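Notes to accompany the following structure.
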2 protein chains.
Amino acid sequence: MGGDWRELKKARTRARIQQEALRLFGEQGYEATTVARIAAAAGVSHTTFFRYFPTKEDVVLGDEYDPLLEEALRRRPESEDLIERVRNAVGEGLAAVYAADRDALLARVRLVLSAPPLRARLWEQLLGTQALLERALAGTGDSAEAPMRVRVVAAACLAVLTTAITAWERDGGRGDLPAIVDEAFDHLRTELR
Amino acid sequence: MGGDWRELKKARTRARIQQEALRLFGEQGYEATTVARIAAAAGVSHTTFFRYFPTKEDVVLGDEYDPLLEEALRRRPESEDLIERVRNAVGEGLAAVYAADRDALLARVRLVLSAPPLRARLWEQLLGTQALLERALAGTGDSAEAPMRVRVVAAACLAVLTTAITAWERDGGRGDLPAIVDEAFDHLRTELR
DNA sequence: CTCCGCGATGTTAGTCGCTAACATGTTAGC
DNA sequence: GCTAACATGTTAGCGACTAACATCGCGGAG
């Protein structure tokens, strides 16, 4: 039956660590929660923690949305201009995540925005997302070849997106996120005239 | 004669630490250079280092440009639209720094973009700059009161600026930075049509 | 069924950024 | 000169993270 049992056990350990970590972060805050404390709560040693998550930040920030975005971008017709393509692809992907996961998403956004180290890592991740956008919009395999206008558009769109998400979180998550993102893109467009 | 001698000595120590740090960063890279090593090179202990610079990152990243930008923004006439105001204020401040300091500026940008912890801190600083932009553009004393369109514009403008600077650095600093920034703003405008 | 091997885990010790407590020497103002 | 303030050094410690090595347990080969 191969290593199935091992894989399952590893997956469970991983999930347990993440779950305990998120619980503790919620209770005492990100920075006040030590890795050793998380490991103890999950019943493992701190070295095991680092075997599952390369850094403390990685427990919170998974890169799971990039493939979604890439796929959504690929489905956009060439007839749309650059910004419209990003706007629709983002809206599409976001709507899915939002519908399925709303509360979890809000909790994660809250956590990330509240802890400077997490914010910092998020920007770093966004660099990756930006490179993805540039490749997709320029149609090249290497984002270094993307022309300046594509880079500007990619950066501006991500700025709009993060602004919208931040506004949503500051409002306590009461508004409808996809609508807020859409309005933010509208603001950019109407302001440029 | 007051504490003049003390002040002078402190200023010299501070300058020596920073100078040795930048030299070592250039020679061996940011992350490979330990604070203890810098302190030793400057002839002080590592605690003294931290008395002058709260973190290792602060040796590289000083917040000296924000007041310049604020002043330049204040001088913009109300007749200009939001983006034009930011564009001109940024262009003005940048031109000054660029003319005076070009090589030093390039070296700093290179260093910051090459080291993840420095990049991370830079984003964090940009949040402050963004709040400043929002206050200035909205005319309120608190950036939390700025309307959504102002926030979107502020975020998008900073994204354009960082994109331009990044492009300048990637090109080895050969191009004319103020011109590149201007072109980047043009790209944003022409792309939104 | 037994034994061997490999993979997951724990233990320990170490590095590096950073902080706090306390001791020491140096300067400033009288 | 004397003393109070202050810059600096020493030491010890915390927390994120890494590496070396021992151990334990399950899976498969004989």
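So you know, we letter chains A, B, ... as the sequences are listed, proteins then strands, and number each from 1. Because the structure is predicted, anything quoted here is derived from the model rather than measured.
Both cation-pi conditions hold for Lys56(B) and Tyr30(B): the charged atom is under 6.0 angstrom from the six-membered ring centre and inside a 45 degree cone around its axis.
In this structure, Tyr52(A) reaches the sugar-phosphate backbone alone: every heavy-atom distance under 4.0 Å involves primed, P, OP1 or OP2 atoms, never a base. In this structure, Thr48(B) reaches the sugar-phosphate backbone alone: every heavy-atom distance under 4.0 Å involves primed, P, OP1 or OP2 atoms, never a base. Heavy atoms of Lys9(A) sit nowhere under 4.0 angstrom from any nucleic acid atom.
Residues that satisfy the side-chain hydrogen bond (donor to acceptor under 3.5 Å, both in side chains) test with Gln19(A), not counting sequence neighbours, are absent from this structure. Residues passing the side-chain contact (heavy atoms from CB on, under 4.5 Å) test with Ala120(A) are Ala120(B), sequence neighbours excluded. Listed by chain and residue number, Leu22(B), Phe53(B), Val59(B) satisfy the side-chain contact (heavy atoms from CB on, under 4.5 Å) test with Gln18(B) (two or more places apart in sequence, or in another chain). Applying the side-chain contact (heavy atoms from CB on, under 4.5 Å) test to Glu64(A) and every residue at least two apart in sequence or in another chain returns Arg108(A). Residues satisfying the side-chain contact (heavy atoms from CB on, under 4.5 Å) criterion with Glu80(B), sequence neighbours excluded, are Arg76(B), Pro77(B), Glu84(B), Arg85(B), Asn88(B). Residues passing the side-chain hydrogen bond (donor to acceptor under 3.5 Å, both in side chains) test with Asp101(B): none are found, sequence neighbours excluded.
As a whole-Å value, the separation of Lys10(B) NZ from dT27(C) P is 15 Å. In this structure, Leu24(B) atom CG and dC16(C) atom C1' are separated by 16 Å, rounded to whole Å. The CD-P distance, from Glu7(A) to dG7(C), rounds to 12 Å in whole Å. One interatomic measurement links the two molecules: CG of Leu8(A) to P of dG27(D), which rounds to 12 Å at whole-angstrom precision.
Counting only residues at least two apart or in different chains, salt bridge (charged side-chain N to carboxylate O under 4.0 Å, His left out) contacts with residues 142-168 of chain B comprise Glu191(A)-Arg149(B).
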Would you tabulate the pairs of protein nitrogen or oxygen atoms and nucleotide nitrogen or oxygen atoms of nucleotides 23-25 of chain C closer than 3.5 angstrom?
none

Annotated protein contacts, base or backbone, on nucleotides 13-20 of chain D with a non-hydrogen cut-off under 4.0 Å, one of B, S, - each = ---SBBB-
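In summary, Arg87(B) and Asp186(B) engage in a salt bridge, as defined by a charged side-chain N under 4.0 Å from a carboxylate O.
Pairing for dT18(D) goes to dA13(C), judged as Watson-Crick or G-U wobble with the two contacts each under 3.5 Å.
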